[in-house]
Amino acid sequence: MSSQLNKYMIITLQIVLLFGFYLVGGFLQTTFALPVPGSVVGMLLLLIGLYLKWIPIQWISKGSSALLNHLPLLFVPVTVGIMQHLDFFSGKSLWLVPIVLFSTWIVMGITGLLGQFLANRKEWGK
Amino acid sequence: MMLLQMVFWLFITILLYVVFRRLYQLLPYPFMIPVLTCTVVLVIVLKSFDVSYDTYFSGGKWIDALLGPAIVALAFPLYQQRKLLNKFKVEILATVLTASLLGILSGYWLAIVSGYNEKIVSTIISKNVTTPVAMEVASMTGGEPAFAVIFVMIAGIGGAVTGPWLFQLLGISNFLGIGMAFGGASHAIGTAKALEYGQREAAISSIGLSLCALCVSILGPIILKWVS
């Protein structure tokens with residue numbers, strides 16, 4: 001029971017640390033008007049911290065795994081926001097749905113084929 | 001009353017997620033991904049009980065608050081796969097640039113051909129990158145940020161759901177192809193799906209989503225100015 005409690009304490013503390021990186025990332029993003037979101041800036045900062053061994057991997061591994069295991073849940077509150085735009089899916093705008101999907105398939109298909117080709121060439125080509 | 005509502009919607013969201021995650025494990029069809037099933041059920045429930053999104057979000061925001069730290073947490077698979085990323089750095093940059101350009105140009109071209117106005121065209125070019133960047137590009141170029149959110153959602157969920165079929169159709173099974181396709185076309189929602197494939201796919205997808213966001217935020221406005 002106490003080790004179980006301990007495990008949740010560790011996860012919570014690690015998520016607090018990740019939250020700290022997120023806040024610093026957001027601060028840098030607004031201060032320097034960076035073109036990428038604060039969360040991505042925070043991710044790059046953490047990556048640098050891990051590379052330079054300022055942050056031992058054990059400080060974030062449990063918290064990161066916990067968040068990433070449930071990543072789909074974290075999108076739900078935002079995606080439910082679609083309910084405010086349901087009228088978008090009627091009338092002229094509706095045609096934009098297949099356009100966005102088709103364009104997304106073009107990106108996925110060609111990027112996927114290119115990535116596979118380049119990776120295989122590297123592994124077996126030489 | 002407010003507090004009760006907040007706790008209620010927070011609880012319902014987590015409960016639905018637990019149930020649909022279990023269901024997805026039992027029926028692992030791509031269209032059963034929890035982000036889609038939970039969203040559909042919640043929208044139906046909220047609409048039928050006439051609950052506003054603001055009321056729902058008073059509870060949902062506690063989950064949403066963890067999304068930022070979760071994106072930060074993607075540094076974990078990136079760090080663990082650092083040897084792989086270093087080995088394939090040229091290939092990664094080439095595919096990032098390809099994905100970014102394809103997203104912008106195909107969106108632009110399809111919207112123009114279908115006769116949409118500049119506002120839609122400016123909004124659609126950034127649909128394959130993460131929401132804050134897409135909204136920013138839209139507002140910078142005279143697009144509509146509210147529409148950007150919808151396009152990003154369709155690209156994210158649509159790509160995560162149909163990706164496995166597309167890969168099968170085109171014979172894509174390599175980690176770099178799958179990871180970059182998910183990260184470059186379907187941003188963080190695609191990366192959540194890439195995590196199902198494995199650590200290597202997730203690492204490529206994470207680096208893809210960050211670099212494509214950077215690329216599109218710079219290239220989007222330039223290309224738009226250049227073509228018009």
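We name chains A, B, ... by the order of the sequence lines, and we start the count at 1 in each one. This structure is a prediction, so every number in the text was calculated from the model and none was measured.
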For [X], which atoms come within 4.5 Å of any heavy atom of chain A: side chain, backbone, both, or neither?
X: B:Met180; answer: both
X: B:Phe57; answer: side chain
X: B:Ala202; answer: neither
X: B:Ile120; answer: side chain
X: B:Lys193; answer: neither
X: B:Leu195; answer: side chain
X: B:Thr130; answer: side chain
X: B:Phe182; answer: both
X: B:Ile157; answer: side chain
X: B:Leu74; answer: both
X: B:Arg21; answer: side chain
X: B:Glu136; answer: neither

Do you know which of [options] has the most heavy-atom pairs with chain A at a distance under 4.5 angstrom?
options: B:Ala94, B:Gly68, B:Gly158, B:Ala192; result: B:Gly68
options: B:Pro34, B:Gly159, B:Cys38, B:Ser206; result: B:Gly159
options: B:Asn128, B:Leu16, B:Val96, B:Leu110; result: B:Leu110
options: B:Ala99, B:Gly208, B:Gly59, B:Pro77; result: B:Ala99
options: B:Gly184, B:Ser186, B:Ala155, B:Pro132; result: B:Ala155
options: B:Ala111, B:Ser173, B:Ala213; result: B:Ser173

Distance from A:Phe102 atom CZ to B:Ser114 atom OG, nearest 0.5 Å?
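OG of B:Ser114 is found 10.5 Å from CZ of A:Phe102.
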From B:Tyr53 OH over to A:Ile82 CD1, what is the distance, rounded to the nearest 0.5 angstrom?
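Those atoms lie 10.0 Å apart.
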Which one, [options], leads in non-hydrogen pairs under 4.5 Å with chain B?
options: A:Val16, A:Leu47, A:Leu23, A:Leu34; answer: A:Leu47
options: A:Gly42, A:Gly38, A:Ser61; answer: A:Ser61
options: A:Val107, A:Thr111, A:Leu118, A:Leu73; answer: A:Leu73
options: A:Val97, A:Ile48, A:Val41, A:Leu45; answer: A:Val97
options: A:Leu46, A:Val36, A:Thr79, A:Val40; answer: A:Thr79
options: A:Ile60, A:Ile106, A:Thr104, A:Leu71; answer: A:Thr104

Using side-chain contact (heavy atoms from CB on, under 4.5 Å) as the criterion, point out the one residue from B:Leu36, B:Ile63, B:Val41, B:Leu42 that pairs with A:Val76.
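Per the side-chain contact (heavy atoms from CB on, under 4.5 Å) rule, the option paired with A:Val76 is B:Leu42, out of B:Leu36, B:Ile63, B:Val41, B:Leu42.
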Do you know which of B:Asp64, B:Val43, B:Thr13, B:Val40 makes side-chain contact (heavy atoms from CB on, under 4.5 Å) with A:Val80?
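Exactly one pass, corresponding to B:Val43.
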Compare every heavy atom of [Y] with every heavy atom of [X], then report the nearest pair and how far apart it is.
X: A:Lys122; Y: B:Lys87; value: NZ-O, 2.9 Å
X: A:Met108; Y: B:Ala185; value: CG-CB, 3.2 Å
X: A:Leu68; Y: B:Ala73; value: CD1-O, 3.7 Å
X: B:Leu176; Y: A:Ala119; value: CB-CB, 3.9 Å
X: A:Val78; Y: B:Met153; value: O-CE, 3.7 Å

Is any side-chain heavy atom of [X] closer than 4.5 Å to a side-chain heavy atom of [Y]?
X: B:Tyr56; Y: A:Pro77; result: yes
X: B:Tyr116; Y: A:Ile99; result: yes
X: A:Leu67; Y: B:Val72; result: no
X: A:His70; Y: B:Tyr17; result: yes
X: B:Val133; Y: A:Pro37; result: yes
X: B:Ile150; Y: A:Phe89; result: yes

Considering only heavy atoms, give the residues of residues 162-172 of chain B separated from chain A by less than 4.5 Å, sorted numerically, with 'none' for an empty result.
B:Thr162, B:Gly163, B:Leu166, B:Phe167, B:Leu170, B:Gly171, B:Ile172
Take a 6.0 Å sphere around [atom1] of [X] and say whether it holds more than 12 heavy atoms from other residues, nucleotides or ligands.
X: B:Phe76; atom1: CZ; value: yes
X: B:Asp50; atom1: CG; value: no
X: A:Phe27; atom1: CZ; value: no
X: A:Tyr51; atom1: OH; value: yes

Would B:Val149 and A:His85 count as a side chain to side chain contact (heavy atoms under 4.5 Å, CB included) if you check the C-alpha gap in whole Å, the side-chain angles of each, and the deciding distance to 0.1 Å?
CA-CA 10 Å; B:Val149 179; A:His85 304 288; 5.8 Å; no
Per-residue contact mode, [X] against chain B (heavy atom under 4.5 angstrom):
X: A:Leu96; answer: both
X: A:Leu114; answer: both
X: A:Phe88; answer: side chain

Stepwise, does the side-chain hydrogen bond (donor to acceptor under 3.5 Å, both in side chains) test hold for B:Lys127 with A:Ser103?
CA-CA 9 Å; B:Lys127 71 200 172 311; A:Ser103 172; 2.9 Å; yes
Short question: side chain of A:Gln116, backbone of B:Asn174 - any donor-acceptor pair under 3.5 Å?
yes
Show the numbers, then the answer: is there a side chain to side chain contact (heavy atoms under 4.5 Å, CB included) between A:Leu86 and B:Lys47?
CA-CA 10 Å; A:Leu86 288 181; B:Lys47 279 285 171 190; 3.5 Å; yes
